[in-house]
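Naming: A, B, ... by sequence-line order, numbering from 1 per chain. Because the structure is predicted, anything quoted here is derived from the model rather than measured.
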There are 2 protein chains.
Amino acid sequence: MAPEQQHPEHDVFAAFCPSRNVFAELADKWSLLLLLSLHKLGEQRFSELQRSVVGVSRKMLTQTLRELERNGLVRRTVQPETPPRVIYGLLPLGHSLAERVAPVAEWVEDHSGSVLEARAEFDRTRCPSSGC
Amino acid sequence: MAPEQQHPEHDVFAAFCPSRNVFAELADKWSLLLLLSLHKLGEQRFSELQRSVVGVSRKMLTQTLRELERNGLVRRTVQPETPPRVIYGLLPLGHSLAERVAPVAEWVEDHSGSVLEARAEFDRTRCPSSGC
DNA sequence: AGACCTGGTCTATGTTGGAGACCGTCAGCT
DNA sequence: AGCTGACGGTCTCCAACATAGACCAGGTCT
């Protein structure tokens with residue numbers, strides 16, 4: 001009866017809703033960048049991904065790709081050649097999500113200038129000179 | 001001359017681009033949920049936000065709101081009554097971002113079922129019974 | 001008087017992320 | 001023959017971060 005328990009199924013604002021759980025796992029720097037890279041550049045090998053998403057460590061790359069695979073967004077295929085060739089690509093579910101995430105990344109690229117200005121203004125009025 | 005240095009201005013995939021910096025600060029569970037809540041429910045006080053975004057601690061609430069304020073997305077107004085009333089609301093920049101983020105949250109709410117199924121399938125085929 | 005609400009801050013503790021070493025197999029170079 | 005590098009990871013260590021909870025001053029309600 002309590003109002004905060006009325007979200008029977010799907011509500012990212014409810015702490016114990018499965019949607020929140022999924023949201024929390026995806027709302028992360030590396031997950032989103034990997035989705036975007038696979039969406040923009042298509043299928044890539046492990047080392048290609050590491051080069052396209054600059055700055056990701058091998059550990060986080062492995063770990064994040066495993067999560068995306070487990071969540072049904074990414075497919076991992078091993079071609080048993082030598083050297084082994086491991087291809088990562090988006091599944092349909094992953095594509096549909098990446099399409100919603102792309103506008104956010106575009107927004108950031110278009111408005112990062114404004115954000116930087118706001119930061120400078122904030123720091124100027126709140127942290128005069130260096131001693132913040 | 002190196003191809004990976006050709007992104008002079010705005011590229012979330014480049015490690016040292018300001019866009020990446022902004023992206024990394026925003027691509028976070030609490031930042032996105034706060035933006036969404038302020039977008040959906042409008043202006044809210046500190047304690048209202050804590051209730052609407054279930055599960056956020058006071059520390060992360062303060063810290064994340066400060067970041068959003070510094071980035072020019074959120075306005076913080078103190079009404080010096082007793083008890084003090086602190087109102088948080090989106091600035092135009094914040095609204096324009098929240099409009100891009102909302103479809104992502106909707107996607108999660110609509111597809112969390114599929115994600116959960118994928119997880120179950122993954123765990124079933126990769127971690128037979130309990131001993132993952 | 002005692003409990004609670006306001007908007008926070010501070011501290012202890014547990015989880016996480018990043019840096020770098022290591023692995024075996026193979027190709028290319030010298 | 002040996003050295004180097006790429007491949008796709010795994011492992012360990014340490015610093016950074018998130019969470020839980022106590023604490024605060026001022027005011028209201030009972």
Next on the checklist: Which residues pass the side-chain hydrogen bond (donor to acceptor under 3.5 Å, both in side chains) test with B:R58, not counting sequence neighbours?
Outcome noted: none
Checklist entry - Can A:R70 and B:D123 be counted as an ion pair, charged N to O under 4.0 angstrom? => result yes
Next on the checklist: Just the rounded figure in Å: distance from C1' of C:dT25 to CZ of A:R85.
Outcome noted: 16 Å
What pairs of nitrogen or oxygen atoms, one from the protein and one from nucleotides 12-14 of chain C, lie under 3.5 Å apart?
none

Item to check | Strand contacts (DNA chain C) in residues 27-52 of chain B, 4.0 angstrom heavy-atom criterion | outcome: B:R45, B:F46, B:S47, B:R51
Item to check | Cationic N near anionic O, under 4.0 Å, A:R119 to B:E67 | outcome: no
Next on the checklist: Taking ring-ring contact (aromatic ring centres under 6.0 Å, His included) as the cut-off, I'd like each qualifying pair that reaches into residues 12-37 of chain B, sequence neighbours left out, listed once.
Outcome noted: none
Checklist entry - Can you find a pair of side-chain heavy atoms, one from B:V12 and one from A:L33, that are under 4.5 Å apart? => result yes
Item to check | Option among B:L73, B:L68, B:L90 that satisfies the side chain to side chain contact (heavy atoms under 4.5 Å, CB included) test with B:L34 | outcome: B:L68
Checklist entry - Can you name the side-chain contact (heavy atoms from CB on, under 4.5 Å) partners of A:K59, sequence neighbours left out? => result A:S57, A:Q63
Next on the checklist: Does the protein touch nucleotides 23-30 of chain D at the base, only the backbone, or not at all? Give it as B, S and - per nucleotide, heavy atoms under 4.0 Å.
Outcome noted: B---S---
Next on the checklist: salt bridge (Lys or Arg N to Asp or Glu O under 4.0 Å) for A:R20 and A:E25? Distances and angles first, verdict last.
Outcome noted: CA-CA 9 Å; A:R20 161 68 75 87; A:E25 212 169 297; over 6 Å; no
Checklist outcome for this item: Those residues at least two apart in sequence (or on a different chain) that pass side-chain hydrogen bond (donor to acceptor under 3.5 Å, both in side chains) with A:R100 are none
Item to check | Contact list for DNA chain C against residues 60-71 of chain B - heavy-atom distance below 4.0 Å | outcome: B:T62, B:R66
Item to check | Side-chain N,O (A:R76) to OP1/OP2 (D:dG9) below 4.0 Å | outcome: yes
Item to check | ring-ring contact (aromatic ring centres under 6.0 Å, His included) pairs, two or more places apart, involving residues 92-117 of chain B | outcome: B:H39-B:H95, B:W107-B:H111
Checklist entry - Can you check the A:E25 CD to D:dA18 P distance for me, whole Å? => result 17 Å
Next on the checklist: Restricting to side-chain hydrogen bond (donor to acceptor under 3.5 Å, both in side chains), what partner residues turn up for B:E121, sequence neighbours left out?
Outcome noted: B:R124
In residues 44-53 of chain A, what donor-acceptor pairs under 3.5 Å come from side-chain atoms, sequence neighbours left out?
residue: A:Q44; atom: OE1; partner: A:S52; partner atom: OG; Å: 3.0
residue: A:Q44; atom: NE2; partner: A:S37; partner atom: O; Å: 3.3
residue: A:Q44; atom: NE2; partner: A:S37; partner atom: OG; Å: 3.2
residue: A:Q44; atom: NE2; partner: A:G42; partner atom: O; Å: 3.3
residue: A:E48; atom: OE1; partner: A:R45; partner atom: N; Å: 2.8
residue: A:S52; atom: OG; partner: A:S37; partner atom: OG; Å: 2.9
residue: A:S52; atom: OG; partner: A:E48; partner atom: O; Å: 3.4
residue: A:S52; atom: OG; partner: A:L49; partner atom: O; Å: 3.3

Next on the checklist: Suppose we screen for side-chain hydrogen bond (donor to acceptor under 3.5 Å, both in side chains). Which residues come up paired with A:T64, at least two apart in sequence or across chains?
Outcome noted: none
